[in-house]
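Heavy atoms only: backbone and side chains are in, while hydrogens, waters and symmetry mates are out. Convention: sequence-line order gives letters A, B, ...; per-chain numbering from 1. The structure displayed is predicted, hence computed values, not measured ones.
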2 protein chains.
Amino acid sequence: MAPRTTQILEAAARLIARRGVRGLRVEELAAEAGVSTGLIYYHFKDRTGILRQTLEFINDRAERYTAGQVAEGAEPLAPRAELEETLLLELQDTPVIRENSTAWGELRASAVFDEALRDDLARATLVWVQEVAALLGQVQPTAPPPALAAAAERLTAQLEGLSMRWLSGGLRIDHARDLMRGAVDAELAALRGK
Amino acid sequence: MAPRTTQILEAAARLIARRGVRGLRVEELAAEAGVSTGLIYYHFKDRTGILRQTLEFINDRAERYTAGQVAEGAEPLAPRAELEETLLLELQDTPVIRENSTAWGELRASAVFDEALRDDLARATLVWVQEVAALLGQVQPTAPPPALAAAAERLTAQLEGLSMRWLSGGLRIDHARDLMRGAVDAELAALRGK
DNA sequence: GTCTATATCAGGATAGAC
DNA sequence: GTCTATCCTGATATAGAC
């Protein structure tokens with residue numbers, strides 16, 4: 001990918017975190033990226049194209065740091081710890097995580113009214129759910145796959161819900177993390193009972 | 001409130017459910033309400049005024065049907081059933097529920113970037129969390145209050161997460177309801193263990 | 001109170017030079 | 001590839017007749 005494109009997408013991610021998808025102005029994006037509006041339209045088809053590619057960009061970035069988290073650890077984590085780490089990864093108050101979470105929330109909210117965003121979103125969600133289901137399976141190998149899938153859907157939706165509350169100022173990050181840990185506890189306890 | 005005003009607000013609620021807060025066009029609202037744009041501006045100060053009053057209108061309506069659900073039942077429900085009913089109330093594919101859920105999602109998403117909305121949102125969320133905590137307490141009277149509060153925060157955030165997935169086309173309503181029931185199961189099982 | 005007609009403007013998108 | 005300048009659509013808001 002061309003460096004300019006990356007530069008613009010990074011700016012878009014920052015801007016979306018600050019103003020939201022709804023508040024993203026092409027002119028403002030140009031200013032943030034330090035380029036002209038004309039150049040934006042040279043690299044992207046239209047405003048929706050920018051949005052779609054930014055979603056992709058953010059997803060890639062999230063995958064990279066999700067993978068990194070596992071790879072970097074000198075000794076591999078226990079399954080239970082890895083599950084928790086993976087879910088808590090998105091509940092951290094750092095610039096990149098904030099950008100990713102905010103953008104994700106915006107895209108989710110926009111997809112309610114914009115058909116064009118739904119496919120990408122559904123695909124990304126599915127990958128995410130399956131990853132969590134696999135981790136759950138490592139913790140509870142005897143649990144039936146459908147139960148694992150359901151628990152994964154709940155935990156990821158739970159994370160999105162908590163994340164929105166955090167970003168909208170209704171929940172402090174530490175508390176959100178505590179609640180997320182509690183959800184993992186509850187789901188694992190329920191799986192054990194099956 | 002003047003009948004015309006109500007008529008316009010109802011149309012606005014329908015339209016917000018269909019196009020979102022950001023997609024609300026005054027001209028389209030006029031058409032939907034069967035009046036002229038001029039009349040809209042006769043009754044409301046500006047676009048923001050329409051939005052604010054519509055959200056108020058929707059809130060009132062939600063309170064009415066939440067209360068109604070409990071009052072109407074000939075015989076009072078068992079605590080467990082009442083808890084489930086209360087949570088599943090927002091996961092129904094009827095026009096009014098869709099309108100309310102959509103508006104709530106829009107509000108939550110907008111609050112990420114708009115300080116002005118946060119207080120109202122926080123207040124409404126608190127009431128909602130406390131209501132669920134009370135219901136949980138009726139099902140598990142021996143559980144410690146902080147555990148009830150945490151479970152209530154999780155369940156309401158879970159509901160918001162599932163609702164968004166449903167509205168954004170990533171989850172069918174029946175499946176969302178199943179998942180919500182599963183979450184209640186898991187939380188109650190966890191509370192029993194305390 | 002309600003409508004029609006229109007002023008005004010923001011912002012997405014393009015043309016053309018370099 | 002990148003910039004400057006500009007067009008043009010679509011949407012808010014107002015004026016004035018009825």
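The CD atom of B:Glu63 lies 12.0 Å from the CH2 atom of B:Trp128; values are rounded to the nearest 0.5 Å.
To the nearest angstrom, C1' of C:dG1 lies 13 Å from CD of B:Gln7. If you take CZ of B:Arg47 and P of C:dT8, they are 22 Å apart, rounded to a whole angstrom. Here D:dG10 presents its P atom at 14 Å from CG of A:Asp46, a figure rounded to the nearest Å. Protein atom CD1 of B:Ile40 is 15 Å distant from nucleotide atom P of D:dA11, rounded to whole Å. Note: CG (A:Leu39) to P (D:dC3) measures 5 Å, nearest angstrom. Here C:dA13 presents its P atom at 17 Å from NE2 of A:His43, a figure rounded to the nearest Å.
Evaluation of the side chain to side chain donor-acceptor pair (under 3.5 Å) rule for A:Arg19 yields A:Glu28 as partners, not counting sequence neighbours. Residues meeting the side-chain contact (heavy atoms from CB on, under 4.5 Å) test with A:Gln140, sequence neighbours left out: A:Ala143, A:Leu188, A:Leu191, A:Arg192. The side-chain contact (heavy atoms from CB on, under 4.5 Å) test applied to B:Glu56 returns no partner, not counting sequence neighbours. B:Val96 pairs by the side-chain contact (heavy atoms from CB on, under 4.5 Å) definition with B:Arg61, B:Tyr65, B:Asn100, not counting sequence neighbours. For A:Arg172, there are no side chain to side chain donor-acceptor pair (under 3.5 Å) partners, not counting sequence neighbours. Partners of B:Asp93 by side chain to side chain donor-acceptor pair (under 3.5 Å), not counting sequence neighbours, listed by chain and number: B:Arg98.
Across residues 18-34 of chain B, not one residue has a non-hydrogen atom less than 4.0 Å from an atom of DNA chain C. At a non-hydrogen distance threshold of 4.0 Å, nothing from residues 48-56 of chain A comes into contact with DNA chain C.
Closest heavy-atom contact between A:Trp166 and A:Glu90: CZ3-O, 4.0 Å.
Within the 4.0 Å cut-off from OP1 or OP2 of D:dT2, at least one side-chain nitrogen or oxygen of A:Arg4 is found.
Within the structure, salt bridge (charged side-chain N to carboxylate O under 4.0 Å, His left out) contacts touching residues 152-171 of chain A (residues at least two apart or in different chains) are A:Arg108-A:Glu160, A:Arg154-A:Glu187, A:Glu160-B:Arg165, A:Arg165-B:Glu160.
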Protein and nucleotides 14-18 of chain D: nitrogen or oxygen contacts under 3.5 angstrom:
none

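Other members of the cluster containing B:Leu117 are B:Leu55, B:Trp104, B:Leu107, B:Leu121, with ILVMFWY side chains joined at under 4.5 Å, either directly or via other members.
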Please list every donor-acceptor pair under 3.5 Å in which a side-chain atom of residues 30-37 of chain B meets a protein atom from a residue at least two apart or in another chain.
| from | atom 1 | to | atom 2 | distance (Å) |
| --- | --- | --- | --- | --- |
| B:Glu32 | OE1 | B:Arg18 | NH2 | 2.8 |
| B:Glu32 | OE2 | B:Arg14 | NE | 2.7 |
| B:Glu32 | OE2 | B:Arg14 | NH2 | 3.3 |
| B:Ser36 | OG | B:Leu39 | N | 3.3 |

